[in-house]
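As structure tokens, the structure follows; a few thoughts come after it.
If you're wondering where the values come from, they're calculated on a predicted model, not measured in any experiment.
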Amino acid sequence: MGNVSLRNIWKTYPGDVVAVRDVSLDIADGEFLVLVGPSGCGKSTTLRMIAGLEEISRGEIMIGERLVNDVPPKDRDIAMVFQNYALYPHMTVYDNLAFGLKLRKYKTADIRQRVNETAELLGIRELLERRPKALSGGQRQRVAVGRAIVRKPKVFLFDEPLSNLDAKMRVQMRAEINRLHHRLGTTMIYVTHDQVEAMTMGDRIVVMKDGVIQQVADPIGLYDRPANMFVAGFIGSPPMNFLAGRLEVAGKTARIAADAFSLALPDAWTAALTNHVGRPAVLGLRPEAFRLTNGAGPGPDRLEAVVDVIEPMGSETYLYLRAGDQSLIARVDAHAVCAVDAKVCLSVSMNKAGLFDPDSGERIA
């Protein structure tokens with residue numbers, strides 16, 4: 001079984017520097033789990049502790065039914081793909097793929113069969129006699145993945161494997177790794193700082209900050225229901241807009257008001273806002289929550305803003321705007337007509353909005 005369990009894992013370096021703080025996580029057999037977060041958040045350290053390349057300060061790691069805290073990396077039945085590929089430059093592709101099997105004393109015929117099967121799976125059969133220096137970045141990455149696949153481990157670990165590739169090749173390799181996961185059905189744990197990679201690849205995503213798990217959810221749940229402002233701002237491109245204001249309630253209608261707007265909040269939120277009336281709050285709105293309107297003025301579902309920058313993206317346009325002293329980004333139709341420094345009116349959809357406490361950053365509603 002390729003299930004992995006982390007139980008209250010800590011990693012502390014000399015000088016009481018805490019890199020990973022009390023992380024608990026259960027990864028199902030066959031799951032594709034992505035660890036995502038900014039540089040220094042502890043995601044790679046967590047992966048390296050699973051691999052056995054970093055010593056655990058506290059806690060337990062289980063792979064299958066086995067406690068592996070004191071098990072050497074070579075005996076954990078895992079395979080790791082690194083950011084820098086880590087290919088042997090003096091060996092051919094065939095020998096790079098076969099090396100781990102030779103160390104484990106596999107028979108020559110079995111090695112040949114496994115290497116050929118892996119090369120066929122990855123579309124690199126014609127590269128088997130080449131050396132790494134004769135390969136492109138994408139081809140080297142396929143070989144690095146193939147070296148992991150050929151061993152048929154219980155768990156694959158990926159440490160930012162696509163960060164050295166150009167944008168087009170990253171998109172292609174994302175699709176190939178997804179396809180491999182579907183065909184192999186093996187547990188995969190993938191580390192990245194790129195939230196687009198996380199959203200497009202993971203069955204579940206773990207968002208980390210300062211060594212602490214902020215939220216674990218599937219991609220849609222993470223996007224639609226972020227647990228706090230950090231997750232809301234980190235996931236999504238462009239990121240969620242945050243509009244600061246004060247909560248007001250008139251009758252059964254709750255509003256968030258600032259100098260430049262007064263927006264009505266969904267009736268379903270009212271009960272959750274009882275203890276926050278009259279206090280500051282932050283309204284989170286995705287860029288797609290805005291639509292340009294013609295001839296309308298401010299209202300309970302509209303706000304006025306001034307256009308700072310227009311970014312045509314082909315299929316859509318990003319508008320960078322100012323509403324009073326607050327900035328926001330709107331994703332609008334590619335054929336929308338507006339000009340820099342023009343005042344526009346935007347209708348606001350609350351379908352995927354969130355309301356956050358400005359002090360704790362936690363979601364209120």
Side-chain angles (χ1 to χ4, degrees), residues 195-196 199 205 207 214-215 217 219-249 253-270 272-273 276-277 279-294 296-311 313 315-334 336 338 342-365:
Q195 56 91 17
V196 175
M199 293 290 286
I205 301 170
V207 182
Q214 302 294 307
Q215 188 172 0
I220 297 303
L222 207 62
Y223 190 81
D224 287 349
R225 296 177 297 280
N228 54 45
M229 289 178 65
F230 174 79
V231 175
F234 190 82
I235 297 296
S237 181
M240 179 176 272
N241 297 287
F242 296 120
L243 299 178
R246 183 171 295 275
L247 277 177
E248 300 174 350
V249 175
T253 302
R255 295 175 180 272
I256 184 166
D259 291 341
F261 57 84
S262 179
L263 296 171
L265 301 175
D267 291 342
W269 291 9
T270 304
L273 304 180
H276 299 273
V277 175
R279 292 168 53 185
V282 176
L283 178 65
L285 293 166
R286 294 290 182 192
E288 60 269 24
F290 300 100
R291 292 288 180 273
L292 286 170
T293 61
N294 295 318
D301 62 349
R302 298 185 302 275
L303 60 80
E304 284 187 338
V306 176
V307 180
D308 273 341
V309 177
I310 301 172
E311 282 189 353
M313 303 297 290
S315 60
E316 58 197 9
T317 294
Y318 296 161
L319 300 181
Y320 292 75
L321 308 119
R322 283 177 288 111
D325 61 354
Q326 304 196 60
S327 300
L328 60 103
I329 305 173
R331 179 188 279 128
V332 300
D333 185 85
C338 58
K343 182 179 284 188
V344 296
C345 188
L346 302 162
S347 65
V348 181
S349 169
M350 293 289 178
N351 284 345
K352 296 179 182 179
L355 197 67
F356 302 92
D357 185 304
D359 296 322
S360 67
E362 297 301 307
R363 189 177 66 209
I364 301 169

4.5 Å side-chain heavy-atom contact, F290 and L328: yes
Using modelled atom types only, decide if a donor and an acceptor are shared between the side chain of [X] and the backbone of [Y] within a distance under 3.5 Å.
X: E311; Y: Y320; answer: no
X: Q326; Y: A244; answer: yes
X: T293; Y: C345; answer: yes
X: R363; Y: P226; answer: yes
X: Q195; Y: G236; answer: yes

Check ion pair R331-E288 (N to O, under 4.0 angstrom): yes
Reported CG-to-CG distance for the pair D357 and N228, which is rounded to 0.5 angstrom: 11.5 Å
Separation of I205 CD1 from Y223 OH (nearest 0.5 Å): 12.5 Å
Minimum heavy-atom distance between G245 and A258, given as atom pair plus value: CA-CB, 4.3 Å
Shortest non-hydrogen separation from I310 to V307 and the atoms involved: CG1-CG1, 3.7 Å
Results of side chain to side chain contact (heavy atoms under 4.5 Å, CB included) for V306 - residues two or more places apart only: R322
Side chain to side chain donor-acceptor pair (under 3.5 Å): pairs with one or both residues in residues 235-245, sequence neighbours excluded: none
Partners meeting salt bridge (charged side-chain N to carboxylate O under 4.0 Å, His left out) with R246 (sequence neighbours left out): none
